[in-house]
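The chains referred to below are lettered A, B, ... by the order of the sequence lines, with proteins before strands, and numbering in each begins at 1.
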There are 2 protein chains.
Amino acid sequence: MKISTKTKYGLRAAIYLAEKGKEQGFHSIKQIAKSENISPDYLEKIISKMEKAGMLKSQKGAKGGYSLARPAKRIKLGEVVNALEGDNYFVQCLSGKGKVCAQCKKCAAQNFWQKFQEKLDSFLDSVSLEDIIKNKF
Amino acid sequence: MKISTKTKYGLRAAIYLAEKGKEQGFHSIKQIAKSENISPDYLEKIISKMEKAGMLKSQKGAKGGYSLARPAKRIKLGEVVNALEGDNYFVQCLSGKGKVCAQCKKCAAQNFWQKFQEKLDSFLDSVSLEDIIKNKF
DNA sequence: ATAAATCCGACAATAATTGTCGGTTTTATT
DNA sequence: AATAAAACCGACAATTATTGTCGGATTTAT
Ligand code: SF4
Ligand code: SF4
């Protein structure tokens, strides 16, 4: 049960953008990577995922870059984590994707994992990027 | 952010033992593996870890096997998860093991991950094996 | 026209997880 | 005493996931 470095990098990038928020404009991968000490090539993939998930917006070409798609207050951590950790269901029986585990009928664990996941999701959705940069949560 | 199958298997084995609780005596890897449809060789390694962590006790030799080391009520899920997921710190800066991340000083994410980890741990420690088999939590 | 950036997919390197195996030791039963 | 059933242990193989790199294509401000 770990957080991937991908997600950790992604969150730091998002925080970077949230902090720069007031100085409107776009911030390039290069800038962010340098400031956060992350491989630019890898960071690009990460940020690209976040952009596709709709939390960042991009500007191509010279002077381009990325910025938050919305005010930091309206970007919840759940969004960041979901975008980067992928289909993050704890157990397959909760994924809703066809395949049911052979033990499903007699499995007492199922309800527990479900509740665990709910707890977790609700916490992640209760914290926004703004909360983080203001250190209030 | 996934639960490893190791942990899922381990929990199911623990639940198995908790359910059989009243019929005192030991239950072999073979039995558990068959009932839960898990590779016996793999399950052995998993159960061995749990035994070393002190939540199971073992009896060697013929008619031997495993049982819970304590009443199900006093085995919390946190114990199971910790034993099997290993050193499960979300971020290295929280591991307390020397190495500090280069970004540590200016990292706004740190507090968040810490709080997240606490939430998680406190939930896991609030649920016992008994709660699970009685489906009350 | 140029340079700076996003965008995209393929791929390589590394690490972690999952699973297998062969043997040793212990112990209840016969 | 012999046997069989089990835990115990470490090495290793197979598979999968993560992390990271690269080369080029496209877009756009200057
Ligand atoms: S074993 Fe239980 S919790 Fe795991 S996938 Fe199957 S039904 Fe779900
Ligand atoms: S980047 Fe921040 S949260 Fe991650 S290890 Fe470093 S100090 Fe901790």
Side-chain angles (χ1 to χ4, degrees), chain A residues 1-13 17 24-34 36-69 81 83-92, chain B residues 1-13 17 24-34 36-69 81 83-92:
Chain A
M1 203 163 49
K2 285 165 199 149
I3 293 293
S4 68
T5 72
K6 193 166 31 176
T7 300
K8 290 187 264 179
Y9 286 173
L11 174 57
R12 279 161 58 193
L17 292 175
Q24 281 301 355
F26 295 95
H27 304 270
S28 71
I29 295 277
K30 227 184 206 171
Q31 288 176 307
I32 306 172
K34 190 173 181 188
E36 293 297 325
N37 202 26
I38 298 171
S39 149
D41 281 325
Y42 193 29
L43 183 61
E44 188 210 282
K45 291 211 312 188
I46 294 167
I47 282 190
S48 168
K49 267 200 169 186
M50 291 197 278
E51 195 257 328
K52 276 173 189 139
M55 54 189 295
L56 302 184
K57 65 183 172 190
S58 71
Q59 166 71 39
K60 284 178 154 190
K63 300 275 176 186
Y66 295 91
S67 70
L68 299 185
V81 172
L84 296 174
E85 294 285 320
D87 268 5
N88 63 339
Y89 302 102
F90 275 175
V91 280
Q92 43 165 298
Chain B
M1 204 163 48
K2 284 165 200 154
I3 294 294
S4 67
T5 73
K6 194 166 29 176
T7 299
K8 291 187 262 178
Y9 286 172
L11 174 57
R12 278 161 59 194
L17 292 175
Q24 280 301 354
F26 295 96
H27 304 270
S28 71
I29 296 277
K30 228 185 206 172
Q31 289 176 309
I32 307 171
K34 191 174 178 187
E36 294 297 326
N37 202 27
I38 299 172
S39 149
D41 281 325
Y42 193 30
L43 183 60
E44 189 210 282
K45 292 208 314 189
I46 294 167
I47 280 190
S48 167
K49 267 201 168 185
M50 291 197 278
E51 195 256 328
K52 274 173 190 140
M55 52 189 299
L56 302 183
K57 64 183 172 192
S58 70
Q59 166 71 37
K60 283 179 156 189
K63 300 278 176 181
Y66 295 90
S67 70
L68 298 186
V81 171
L84 296 174
E85 294 285 320
D87 269 5
N88 63 339
Y89 301 101
F90 275 175
V91 281
Q92 42 166 296

Review point. Base, sugar-phosphate, or nothing for B/Ser48, non-hydrogen atoms under 4.0 angstrom?
Key: nothing

Point to revise | A/Ile47 vs A/Ile32, side chain to side chain contact (heavy atoms under 4.5 Å, CB included): CA-CA, chis, key distance, verdict | key: CA-CA 10 Å; A/Ile47 282 190; A/Ile32 306 172; 3.8 Å; yes

Practice item. Report yes or no: does B/Glu85 contribute a side-chain atom to a donor-acceptor pair with the main-chain N or O of B/Ile3 at less than 3.5 Å? Key: no

Point to revise | Interatomic distance where OH belongs to B/Tyr66 and P belongs to D/dA5 [whole Å] | key: 17 Å

Check your understanding: Roughly, in whole Å, what's the span from CD in B/Glu51 to P in D/dA7?
Key -> 11 Å

Exercise for review: Starting from C1' on D/dA5, measure out to CD on B/Gln31 and report it in whole angstrom.
Suggested key: 12 Å

Point to revise | Contact summary for B/Leu43 and B/Ala13, nearest pair of heavy atoms | key: CD1-CB, 4.2 Å

Exercise for review: Could you pick out which residue, B/Lys30 or A/Lys45, lies toward the 5' side of DNA chain D when each is mapped onto its nearest nucleotide?
Suggested key: B/Lys30

Point to revise | Minimal non-hydrogen separation, A/Gln31 against A/Phe26, with atom names | key: OE1-O, 4.1 Å

Review point. In whole Å, what is the span from the OH atom of A/Tyr9 to the C1' atom of D/dT18?
Key: 11 Å

Review point. What are the bounds, 5' to 3', of the part of DNA chain C that sits under 4.0 Å from heavy atoms of chain A?
Key: C/dA4 to C/dT17

Point to revise | Heavy-atom closest contact (B/Ala33 atom, B/Pro40 atom, distance) | key: CB-CA, 3.8 Å

Practice item. Take atom CE of B/Met50 and atom C1' of D/dC8, then tell me their distance rounded to the nearest Å. Key: 15 Å

Point to revise | Distance (rounded to the nearest 0.5 Å) between A/Leu17 CG and A/Lys57 NZ | key: 11.5 Å

Review point. Roughly, in whole Å, what's the span from NZ in B/Lys6 to P in D/dA17?
Key: 15 Å

Exercise for review: Treat primed atoms plus P, OP1 and OP2 as sugar-phosphate and everything else as base, then score nucleotides 23-30 of chain D 5' to 3': B for base contact with protein heavy atoms under 4.0 Å, S for sugar-phosphate contact only, - for none.
Suggested key: ----BBB-

Practice item. Report yes if some heavy atom in the side chain of A/Lys52 is under 4.5 Å from a heavy atom in the side chain of A/Ser48; otherwise report no. Key: yes

Check your understanding: What does B/Ile47 touch in the nucleic acid at a heavy-atom separation under 4.0 angstrom: a base, only the sugar-phosphate, or nothing?
Key -> nothing

Point to revise | Nearest-neighbour nucleotide for the B/Ser58 side chain, D/dA7, D/dC9, D/dT19 considered | key: D/dA7

Check your understanding: With sugar-phosphate meaning primed atoms plus P, OP1 and OP2, does B/Lys52 contact a base, only sugar-phosphate, or nothing at under 4.0 Å between heavy atoms?
Key -> sugar-phosphate

Review point. Taking the side chain as C-beta and beyond, is there a heavy-atom pair between B/Arg12 and B/Ile38 under 4.5 Å?
Key: yes

Study note, to complete from the structure: Closest heavy-atom pair, A/Ala53 versus A/Ala83, reported as atoms and distance to 0.1 Å, is CB-CB, 3.7 Å

Check your understanding: How close or far is atom P of D/dT19 from atom CD1 of A/Ile3, stated in whole angstroms?
Key -> 11 Å

Practice item. Using atom OH of B/Tyr42 as one end and atom C1' of D/dA13 as the other, report the distance to the nearest whole Å. Key: 14 Å

